[in-house]
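It should be emphasised that the depicted structure is a prediction, and the values quoted were computed from it without experimental measurement. Along the sequence shown, residues carry numbers from 1.
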Amino acid sequence: MGETRVDVTIRNPADSRRCWEGEFVVDTGAIDSVVPRRHLEAIGVEPLEDAVYLLADGSEFHTQTALAQMEFEGRRLGSTVIFGPDDVDPLLGVTALESGGFAVDPVNNELRKVVRRL
């Protein structure tokens, strides 16, 4: 098994013409999605709050979060994004996956649509 990667467009919710597209690693262990800070700032996405996330190694990551539009696999949705370090690989977290109605197919390293439940 390898990594599942997907092209994602991040849009400024105040002006959806301002956007950045990149390849994201799908990370079902991450709640929210991580975008390099420089890309969010370039499209005018402004932080809404400070946040602390617990990393897999047990350490804390102090950062900021915002709301952004995310577009992938033909779906556009609003989601929380984390301002990540400029050199970080973008990560697509489980909240965006589930909001979009997707699950990971680890055998084929791709996303598949699922029926959403209330």
Item to check | Side-chain cluster (under 4.5 Å, hydrophobic types only) that Ile31 belongs to, other residues | outcome: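 Same cluster as Ile31: Val94.
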
In terms of hydrophobic clusters joined by side-chain contacts under 4.5 Å, are [X] and [Y] together?
{"X": "Val8", "Y": "Val26", "result": "yes"}
{"X": "Leu97", "Y": "Leu67", "result": "no"}
{"X": "Val104", "Y": "Val25", "result": "no"}
{"X": "Val34", "Y": "Met70", "result": "no"}
{"X": "Val88", "Y": "Phe24", "result": "no"}

Checklist entry - Would Lys113 and Glu73 count as a side-chain contact (heavy atoms from CB on, under 4.5 Å) if you check the C-alpha gap in whole Å, the side-chain angles of each, and the deciding distance to 0.1 Å? => result CA-CA 9 Å; Lys113 290 183 180 179; Glu73 300 291 319; 5.9 Å; no

Item to check | Inter- and intrachain pairs under ring-ring contact (aromatic ring centres under 6.0 Å, His included), touching residues 71-118, at least two apart | outcome: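 Sorted result for residues 71-118: Phe72-Phe102.
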
Checklist entry - Can you name the residues that form a side chain to side chain donor-acceptor pair (under 3.5 Å) with Arg38, not counting sequence neighbours? => result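 Per chain and number, Arg38 pairs via side chain to side chain donor-acceptor pair (under 3.5 Å) with no residue.
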
Item to check | Set of side chain to side chain contact (heavy atoms under 4.5 Å, CB included) partners for Ser99, sequence neighbours left out | outcome: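 Partners of Ser99 under the side chain to side chain contact (heavy atoms under 4.5 Å, CB included) test: Leu77, Thr95.
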
Next on the checklist: Just to verify, what does Asp87 make a side chain to side chain contact (heavy atoms under 4.5 Å, CB included) with, not counting sequence neighbours?
Outcome noted: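 Partners of Asp87 under the side chain to side chain contact (heavy atoms under 4.5 Å, CB included) test: Pro85.
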
Just list the side-chain donor-acceptor pairs under 3.5 Å for residues 39-54, sequence neighbours left out, or say none.
{"from": "His39", "atom 1": "ND1", "to": "Trp20", "atom 2": "NE1", "distance (Å)": "3.2"}
{"from": "Tyr53", "atom 1": "OH", "to": "Asp32", "atom 2": "OD2", "distance (Å)": "2.6"}

Item to check | Ala96 to Leu92 - nearest heavy-atom pair and separation | outcome: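 Closest approach of Ala96 to Leu92: CB-CD1, 3.8 Å.
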
Item to check | Closest non-hydrogen atom pair, Ser16 against Arg11 | outcome: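 Answer, listing the atom of Ser16 first, then Arg11: O-NH1, 2.8 Å.
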
Next on the checklist: Taking salt bridge (Lys or Arg N to Asp or Glu O under 4.0 Å) as the definition, give me every residue that meets it alongside Arg18, ordered by chain and number, with sequence neighbours left out.
Outcome noted: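 Scan of Arg18 (salt bridge (Lys or Arg N to Asp or Glu O under 4.0 Å), adjacent residues dropped) gives none.
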
Next on the checklist: Which residues pass the salt bridge (Lys or Arg N to Asp or Glu O under 4.0 Å) test with Asp86, not counting sequence neighbours?
Outcome noted: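 In terms of salt bridge (Lys or Arg N to Asp or Glu O under 4.0 Å), with neighbours along the sequence ignored, Asp86 is linked to no residue.
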
Next on the checklist: Considering only residues two or more places apart or on different chains, which pairs with a residue in residues 91-112 satisfy salt bridge (charged side-chain N to carboxylate O under 4.0 Å, His left out)?
Outcome noted: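 Non-adjacent pairs meeting salt bridge (charged side-chain N to carboxylate O under 4.0 Å, His left out): zero.
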
Checklist entry - According to the side-chain hydrogen bond (donor to acceptor under 3.5 Å, both in side chains) rule, which pairs have a member within residues 74-84, sequence neighbours left out? => result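 Pairs touching residues 74-84 that pass the test: Gln69-Arg76, Glu71-Arg76.
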
Checklist entry - Short question: side chain of Thr65, backbone of Val81 - any donor-acceptor pair under 3.5 Å? => result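 Not confirmed, Thr65 side chain does not pair with Val81 backbone.
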
Next on the checklist: What verdict does the side-chain contact (heavy atoms from CB on, under 4.5 Å) test give for Leu91 and Ser33, after you've listed the backbone C-alpha separation in whole Å, the side-chain angles of each residue and the deciding distance to 0.1 Å?
Outcome noted: CA-CA 5 Å; Leu91 298 177; Ser33 299; 5.9 Å; no

Checklist entry - From Glu21 CD over to Asp7 CG, what is the distance, rounded to the nearest 0.5 angstrom? => result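 The distance works out to 5.0 Å.
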
